[in-house]
Structure formats: structure tokens, C-alpha cells
**Student:** 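To start, I am sharing the structure in question, which I have written as C-alpha cells.
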Amino acid sequence: MPKRYWLMKSEPGCFSIDDLAGEPDQTTTWDGVRNFQARNMLRDQIKKGDEAFFHNSGTNPPGIAGIMKIVSDGYPDYTAEDPTSQHPDPRHTKDNPIWYMVDVKLVRKFKEVIPLSTLKETPGLEAMEVCRRGSRLSVQPVRPEEWEIVLELAERL
DNA sequence: GCCAACGTTGGC
DNA sequence: GCCAACGTTGGC
């Protein structure tokens, strides 16, 4: 299976790339995803060894803050079983898991966030999911060509 | 704060 | 299974 690329959104007020940098081994669980489309990707498609952009949402400006490596395949998101967690779901049980997560490790933080407005202006990124109006998926696939173009933008910072 | 986009729920 | 009502996301 060739390596695949992803973009994963987080609200930095909730969990930032600096929070990730401060985790032991700069690794954490990407938990709390409660959307079925994103769940399907976490459960079935994202694999250990893939890479993902860390995308800031709900910020001014929104944009890509850095790169993470996926360090586990998808597995049940046990935070759904905890009534005191951020996103509990009583339908989710050990025998019948509904929600999934992966483990992620920081690869690098960009010197500056690449603003969404820049992505939208960059040739070759017109079809990128995050550039679409009303794009709400918190886990989304990125084409290899798009990945390369964003890396070039990061080089030029 | 507004609102577009779209997911979820529930009546029928 | 349809669809209206409602809730959430997230850019602006």
C-alpha cells in the first residue's frame, strides 16, 4: 500500500500544534472525531506510515501549521465511552465500537502557518478539499501533487 | 455575529 | 424512505 496523505483539522484553542509538540514523544491520540465520513477514513483508509497536515480551524487566519506522521492504524476511540470526555457517545461500546481514532506524531511545525487564503490562490490547489467553500470534513484526503505543492509553499516561508 | 453547507433526527 | 426542522462547523 503506497503512503497516503491527509489533512486533519483542529481548533488550536482545543488542541494546538504546540500542544502536540509538548506531548511525550510528540505523539498523541487523534480522538473525538464524531462524523461518519471522517470515521470511515480513520477506520478503513488511514494507515500507519501515512502523513497528514495539521490544519488550524477557527483561527485568524485558518491554515496549515505543520506536518504529522500517522503512527497507528485506526482503532476504537475509547474516549467515546467516557461520559466525562469532550465527546461522549453512549452508543459506543467495546463490543460495538462506533468511533475510531489514530495516533499521530509531530514531524515538523512550519515557521509560519500557511493561510487558507494562500492555498486558495495557489495554482494546482483549486481542487483541494480544504479550499472548497463549506468544506467541513475534519479528516480529508490530500492528493500527492497537492501535498508537494504545499511543501513548496512551506519552503518559501 | 452572520450565514452557507451539510449532517442528524424524527415524524409520517 | 422522504423531508422538514434543527444543530454544528467554520470561513468571513
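Here is how names work: the chains are called A, B, and so on, in the same order as the sequence lines, proteins then strands, and each is numbered from 1.
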**Student:** When you check the gap from the basic side-chain N to the acidic O, do A:Lys69 and A:Asp50 get nearer than 4.0 Å?
**Tutor:**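 Between A:Asp50 and A:Lys69 there is no salt bridge, as every charged N stays at least 4.0 Å from the carboxylate O atoms.
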**Student:** Look at the side chain of A:Ser57 and decide which nucleotide, out of C:dG11, C:dG7, B:dT8, has an atom nearest to it.
**Tutor:**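 In terms of side-chain proximity for A:Ser57, the closest of C:dG11, C:dG7, B:dT8 is C:dG11.
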**Student:** Just the rounded figure in Å: distance from P of B:dT8 to CG of A:Leu137.
**Tutor:**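 Taking atom P of B:dT8 as the reference, CG of A:Leu137 is at 11 Å.
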**Student:** To the side chain of A:Lys120, which of B:dG7, C:dG10, C:dC12 is closest?
**Tutor:**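 When the side chain of A:Lys120 is considered, C:dC12 is the closest of B:dG7, C:dG10, C:dC12.
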**Student:** Begin from the C-alpha positions of A:Asp18 and A:Ser16 and carry the test side-chain hydrogen bond (donor to acceptor under 3.5 Å, both in side chains) through to its verdict.
**Tutor:** CA-CA 5 Å; A:Asp18 290 324; A:Ser16 71; 4.8 Å; no
**Student:** Take atom CD of A:Glu11 and atom C1' of C:dT8, then tell me their distance rounded to the nearest Å.
**Tutor:**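 After rounding, the gap between these two atoms is 11 Å.
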**Student:** Under 4.0 Å between a side-chain N/O of A:Arg133 and OP1 or OP2 of B:dA5, yes or no?
**Tutor:**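 The answer is yes; a side-chain N or O of A:Arg133 sits under 4.0 Å from OP1 or OP2.
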**Student:** Specify the separation, in whole Å, of atom CG of A:Asn56 and atom P of C:dG11.
**Tutor:**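 It is 10 Å, rounded to the nearest whole Å.
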**Student:** Are the charged groups of A:Asp25 and A:Lys105 less than 4.0 angstrom apart, N to O?
**Tutor:**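 Looking at A:Lys105 together with A:Asp25, the answer is yes, because their closest N to O distance falls below 4.0 Å.
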**Student:** Would you call A:Asp103-A:Lys48 a salt bridge at under 4.0 Å N-O?
**Tutor:**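 A:Lys48 and A:Asp103: not salt-bridged.
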**Student:** Would you say that A:Leu106 contacts A:Ile17 through its side chain, given a criterion of any heavy-atom pair below 4.5 Å between the two side chains?
**Tutor:**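 A:Leu106 reaches A:Ile17 side chain to side chain.
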**Student:** Rounded to the Å, how far apart are A:Glu121 CD and C:dG11 P?
**Tutor:**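 Rounding to the nearest Å, CD of A:Glu121 and P of C:dG11 are 16 Å apart.
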**Student:** Applying ring pair (Phe, Tyr, Trp, His ring centres under 6.0 Å) as the test, list every pair that has at least one member in residues 102-155 of chain A; sequence neighbours left out.
**Tutor:**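 Ring pair (Phe, Tyr, Trp, His ring centres under 6.0 Å) check on residues 102-155 of chain A returns A:Tyr5-A:Trp147, A:Phe53-A:Trp147.
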**Student:** Under 4.0 Å between a side-chain N/O of A:Lys9 and OP1 or OP2 of C:dT9, yes or no?
**Tutor:**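 No, A:Lys9 has no side-chain N/O under 4.0 Å of OP1/OP2 on C:dT9.
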**Student:** Looking only at the side chain of A:Arg132 (C-beta and beyond, no hydrogens), which of the listed nucleotides B:dC6, C:dG11, C:dG10 gets closest?
**Tutor:**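 Of B:dC6, C:dG11, C:dG10, B:dC6 is nearest to the side chain of A:Arg132.
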**Student:** Are any of the side-chain heavy atoms of A:Glu81 and A:Lys94 separated by less than 4.5 Å?
**Tutor:**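 Yes, at least one pair of side-chain atoms sits under 4.5 Å.
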**Student:** In residues 85-103 of chain A, which residues come under 4.0 Å of DNA chain C by heavy atom?
**Tutor:**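 Here the set is empty: none.
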**Student:** In whole Å, I'd like the distance from the CZ atom of A:Arg136 to the C1' atom of C:dC12.
**Tutor:**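 It works out to 16 Å between those atoms.
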**Student:** Could you state the atom-to-atom distance from CD of A:Gln37 to P of B:dG7 in whole Å?
**Tutor:**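 After rounding, the reported distance stands at 6 Å.
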**Student:** Provide, to the nearest angstrom, the distance between the CG atom belonging to A:Leu119 and the P atom belonging to C:dG10.
**Tutor:**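 My rounded result for the distance is 15 Å.
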